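A quick note: this is a predicted structure, and the numbers were derived from the prediction, not measured.
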Amino acid sequence: MLMSPQTRKSGPGGACLLVRGLCAALLLLAFMPEPVRAAEVWRESYSRVSEVEKIYGGPQDAITVDQARDLLTRLTNETRKRAGLSQLKWSGPAERLAGEHAQDMALHRYINHYSLDGFKCERRFNMLGHTDNVMENIAYYEINLQVFITPQLVRRVYQHWLDSESHRANILDPAHTHIGCGLSIEEKDGTTYAAAVCEFVADWGEAQELPLSASTGETLELEGRLDVQRARLRYIGLSSEDLPFQRDREYQNTHAGGYSPPAPVLALLPRAGVLAALRSAPKGVKYAGRSVRYDPDTGEYSTLINMPERWPPGAYYVTVWADAPDKPELGTFCVSTQVVLVDEENSTVTTKGMNEAR
């Protein structure tokens, strides 16, 4: 369905160009695969230490967390090299994101892409001050005897990911440019709780940080720049899901599984001055569209995102989508994701100075 905000009239042929551009954007999203991240827990029981050491190694094989991270990165890049893909660079922010989530899962004994606060990796990355799109692989083990961080453990984690279609898709996603890994082990009452996380980042430019929360009726200003040598802007997407909520260990483990980011419902198009409704919009809500100002020579873009008074509370995803002219096989991919919480009862940000109010 096409929305019809107020726009200036186009000159001769302008309407046709508008329609063609809009149809292209609609087709891009209609056929875009929606990535899924899977979560799976492995519970293992052994009667002898020798059985554990045969699979996971023993204290003589122990390595540091840094060495384990390096090994996960190396295994990932070896797989990508065999597939003819670019090598992923190390990312300090992604490593911090992965390490914190791995430690949280091992310490609190749960498996989930959501934190105990109900935040997925995109939101957690935003909270660290970063706006690049991020995707996540996780693994979690409960073993009834002591296990150490060893190359055997790391390789077992990695093989489980390779054997999973959704995890392997993250490893082999050609849009990814950086990686950060984390691994944590906790022991309690003779049981080992081990968690591993890899964060995959698509760094194709930069975007100005949006507020972490906003009020209904605000207008958010998004500015950014793409690397013109590698990417060009296709559209800015908007989608939403329910507000996050506090979770406990039991809930986390009974609701573990894959997840997908909410698919874009609306697309703001460069220069077109129209807003495309790509999927069903929230009932009773009307959207006022803004065009995206985009300079392909510098890669700079900006737009205003209106948040009407009747906007329902939720977690709103503002996403930036691009393609790579020199790599048409990549199709259209997400390069930036920011999650803004809109809650009428707990709004903390005003329109003026919203990007400084954190």
Applying side-chain contact (heavy atoms from CB on, under 4.5 Å), can you list everything that pairs with [X], at least two apart in sequence or on another chain?
X	value
R123	F119, M127, L212, V339, L341
K327	A324, E329, L330
S50	R48
D203	D132, T177, H178, V201

Check: [Y] main-chain N/O paired with [X] side-chain donor or acceptor under 3.5 Å:
X	Y	value
E209	N126	no
T64	Q67	yes
Q87	N77	yes
T131	A207	yes

Heavy-atom distance under 4.5 Å between the side chains of [X] and [Y], does that happen here?
X	Y	answer
N170	H167	no
F333	N133	no
R225	T298	no
Y158	E78	no
P211	L220	yes
V134	T337	no
M105	V197	yes
L75	L162	no

Show which residues join F245 in its hydrophobic cluster (side-chain heavy-atom contacts under 4.5 Å, direct or indirect), or state none.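 Members alongside F245: Y251.
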So C121 and M135, side chain to side chain contact (heavy atoms under 4.5 Å, CB included) or not? Walk me through it. CA-CA 7 Å; C121 59; M135 302 168 77; 5.8 Å; no
Go through it in stages, so that I can follow the logic: the residues are Q252 and I111, the test is side chain to side chain contact (heavy atoms under 4.5 Å, CB included), and I'd like the CA-CA distance, side-chain angles, deciding distance and then a yes or no. CA-CA 6 Å; Q252 292 287 72; I111 171 74; over 6 Å; no
Could you give the distance from [atom1] ([X]) to [atom2] ([Y]), rounded to the nearest 0.5 Å?
X	Y	atom1	atom2	answer
L269	L233	CG	CG	9.5 Å
E223	E206	CD	CD	11.0 Å
D70	C181	CG	SG	9.0 Å
C198	I179	SG	CD1	4.5 Å
Y301	R293	OH	CZ	13.0 Å
L183	L72	CG	CG	6.5 Å

Shortest non-hydrogen contact from [X] to [Y]?
X	Y	result
T192	V147	OG1-N, 3.1 Å
D295	D297	OD1-N, 2.9 Å
N144	T191	CA-OG1, 4.2 Å
P261	E122	CG-OE2, 3.5 Å
W161	A196	CZ2-O, 3.9 Å
P244	G118	CB-O, 3.3 Å

If you group Ile, Leu, Val, Met, Phe, Trp and Tyr by side-chain heavy-atom gaps below 4.5 Å, do [X] and [Y] land in one group?
X	Y	answer
V292	V320	yes
V65	L71	yes
Y114	Y193	no

Taking salt bridge (Lys or Arg N to Asp or Glu O under 4.0 Å) as the cut-off, I'd like each qualifying pair that reaches into residues 183-196, sequence neighbours left out, listed once. none
Under the salt bridge (Lys or Arg N to Asp or Glu O under 4.0 Å) definition, can you give me all pairs with a residue in residues 244-255, not counting sequence neighbours? E142-R249
Sequence neighbours excluded, the answer for side chain to side chain donor-acceptor pair (under 3.5 Å) partners of S336 is none
Partners passing side chain to side chain donor-acceptor pair (under 3.5 Å) against Y317 (at least two apart in sequence or in another chain): K120, E241
Working for side chain to side chain contact (heavy atoms under 4.5 Å, CB included), residues V342 and T216: CA-CA 7 Å; V342 177; T216 57; 3.6 Å; yes
Without placing hydrogens or testing angles, list every side-chain donor-acceptor pair under 3.5 Å for residues 90-104, not counting sequence neighbours.
{"from": "W90", "atom 1": "NE1", "to": "E95", "atom 2": "OE1", "distance (Å)": "2.7"}
{"from": "S91", "atom 1": "OG", "to": "A94", "atom 2": "N", "distance (Å)": "3.1"}
{"from": "E95", "atom 1": "OE2", "to": "R69", "atom 2": "NH1", "distance (Å)": "3.2"}
{"from": "R96", "atom 1": "NE", "to": "E100", "atom 2": "OE2", "distance (Å)": "2.9"}
{"from": "H101", "atom 1": "NE2", "to": "N112", "atom 2": "O", "distance (Å)": "2.8"}
{"from": "D104", "atom 1": "OD1", "to": "H108", "atom 2": "ND1", "distance (Å)": "3.0"}
{"from": "D104", "atom 1": "OD2", "to": "Y110", "atom 2": "OH", "distance (Å)": "2.6"}

One thing to verify: whether R232 and D323 come together as a salt bridge, which I'm taking to mean a side-chain N less than 4.0 angstrom from a carboxylate O. yes
Surrounding CG of D242 (heavy atoms of other residues, nucleotides or ligands, distance under 6.0 Å), is the total greater than 12? no
Applying side chain to side chain contact (heavy atoms under 4.5 Å, CB included), run through L145 and E51 and close with a yes or a no. CA-CA 10 Å; L145 294 172; E51 294 176 337; over 6 Å; no
Quick one: ring-ring contact (aromatic ring centres under 6.0 Å, His included) partners of F200, sequence neighbours excluded?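 Here the qualifying residues are H176.
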Contacts table for residues 55-63: side-chain donor-acceptor under 3.5 angstrom, sequence neighbours left out:
{"from": "Y56", "atom 1": "OH", "to": "E44", "atom 2": "OE1", "distance (Å)": "2.5"}
{"from": "Y56", "atom 1": "OH", "to": "E44", "atom 2": "OE2", "distance (Å)": "3.1"}
{"from": "Y56", "atom 1": "OH", "to": "R156", "atom 2": "NE", "distance (Å)": "2.9"}
{"from": "D61", "atom 1": "OD2", "to": "G58", "atom 2": "N", "distance (Å)": "2.9"}
{"from": "D61", "atom 1": "OD2", "to": "Q152", "atom 2": "NE2", "distance (Å)": "3.4"}

